[in-house]
2 protein chains.
Amino acid sequence: MSNTKVLPLVEPESDAVAPCCPPLTERPFTAEEAETAARMFKALGDPVRLRLFSAVASHEDGEACVCDISDVGVSQPTVSHHLKKLKEAGLLTSERRGTWVYYRVEPSVLAAMGRLLAMAPAAA
Amino acid sequence: MSNTKVLPLVEPESDAVAPCCPPLTERPFTAEEAETAARMFKALGDPVRLRLFSAVASHEDGEACVCDISDVGVSQPTVSHHLKKLKEAGLLTSERRGTWVYYRVEPSVLAAMGRLLAMAPAAA
């Protein structure tokens with residue numbers, strides 16, 4: 001079967017989500033850094049998105065099918081809408097396999113957000 | 001010595017911002033956890049707020065007067081509005097001293113947010 005063409009081009013979803021910024025405590029952010037980082041925080045600033053995100057993040061192998069994570073009390077179109085937002089923010093990636101779309105957490109983005117929140121080391 | 005009763009009533013500024021939640025990768029968040037955590041992320045999900053926050057966080061001694069941090073290209077009332085939002089989210093505390101109000105970062109909340117984003121350790 002010649003299914004090689006289906007292989008994923010593993011490209012970042014968007015340049016905007018490349019790890020961008022120093023810890024928040026290091027120096028005042030520039031306008032551009034703030035734009036980039038705020039986009040990531042905003043994506044997690046909604047309770048439904050946060051539940052979906054933690055459902056994916058904590059699922060076996062850090063990957064979940066939509067069918068696994070729709071249990072958050074909102075309609076399927078709303079779930080899809082929020083998953084799309086999380087993808088746009090670079091927090092999730094997705095891949096269609098057969099009937100279902102599978103979502104994965106993007107660990108580098110999570111790590112970058114964690115780094116933003118790291119407290120500055122004691123001044124030298 | 002009978003000083004046991006004095007021991008830690010270390011009360012958070014607001015119940016809403018008490019460190020609430022396990023790492024996002026540990027298990028799916030409950031609705032209540034998601035509400036609390038989303039509030040913190042949302043507060044940093046705006047570029048102007050993020051610039052103000054990093055201006056305070058990176059200022060000498062982690063404390064800044066409004067007069068130190070108004071350099072973000074928005075009006076003074078807008079600065080005040082955003083600082084209020086950051087306070088409501090528990091990310092900043094404030095204290096009036098003489099003419100000026102001084103803002104400080106609340107390290108425990110920052111630490112709690114960092115913990116949320118920590119990657120889960122390899123399963124035991």
Side-chain angles (χ1 to χ4, degrees), chain A residues 20-62 64 68-69 71-74 89 91 105-120 122-123, chain B residues 20-62 64 68-69 71-74 82 89 91 105-120 123:
Chain A
C20 74
C21 311
L24 282 160
T25 52
E26 196 169 295
R27 59 165 171 74
F29 272 24
T30 64
E32 193 178 20
E33 287 168 343
E35 284 285 346
T36 307
R39 203 171 302 138
M40 299 191 288
F41 285 118
K42 192 174 178 184
L44 294 182
D46 175 277
V48 173
R49 278 205 292 279
L50 207 47
R51 288 188 76 186
L52 289 169
F53 184 80
S54 79
V56 174
S58 63
H59 205 259
E60 213 179 325
D61 300 325
D68 296 320
I69 56 171
D71 185 22
V72 293
V74 296
L91 291 164
V105 167
E106 186 47 67
S108 65
V109 177
L110 211 59
M113 291 181 75
R115 201 164 58 96
L116 286 181
L117 295 168
M119 296 303 286
Chain B
C20 73
C21 312
L24 281 160
T25 51
E26 197 170 294
R27 59 165 171 75
F29 272 24
T30 64
E32 195 178 20
E33 288 168 343
E35 284 286 346
T36 307
R39 204 172 298 139
M40 301 191 286
F41 285 118
K42 193 174 178 184
L44 294 182
D46 175 277
V48 174
R49 277 204 293 278
L50 206 48
R51 288 188 76 186
L52 288 170
F53 184 80
S54 79
V56 174
S58 62
H59 205 259
E60 212 177 326
D61 299 326
D68 296 321
I69 56 171
D71 185 23
V72 294
V74 296
H82 283 304
L91 290 165
V105 167
E106 185 48 68
S108 65
V109 177
L110 211 58
M113 291 181 74
R115 202 165 56 95
L116 285 181
L117 295 168
M119 296 303 286

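By convention in this document, chain letters (A, B, ...) are assigned in the order of the sequence lines, proteins followed by strands, and residues within each chain are numbered from 1.
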Handout entry: Spacing of CZ belonging to B/Arg49 relative to CZ belonging to A/Phe41, to within rounding of 0.5 Å
Key = 12.0 Å

Exercise for the section: Quick one: pull up CD in B/Glu33 and CZ in A/Arg51 and give me the separation to the nearest 0.5 Å. Expected result: 9.0 Å

What pair of heavy atoms forms the shortest contact from [X] to [Y], and how long is it?
X	Y	value
A/Pro47	B/Ala38	N-CB, 3.5 Å
A/Ser54	B/Arg27	OG-O, 3.8 Å
B/Leu50	A/Ala34	CD2-O, 3.6 Å
B/Glu26	A/Ser58	C-CB, 3.5 Å

Handout entry: Side-chain heavy-atom pair B/Leu110, A/Thr25 within 4.5 angstrom cut-off
Key = yes

Handout entry: Side-chain touch B/Leu117/A/Leu117, heavy atoms, less than 4.5 angstrom
Key = yes

Completion exercise
In terms of heavy-atom pairs under 4.5 Å with chain A, the winner among B/Ile69, B/Asp71, B/Leu24, B/Leu52 is B/Leu24

Handout entry: A/Ala43, part contacting chain B, at a heavy-atom distance under 4.5 Å
Key = neither

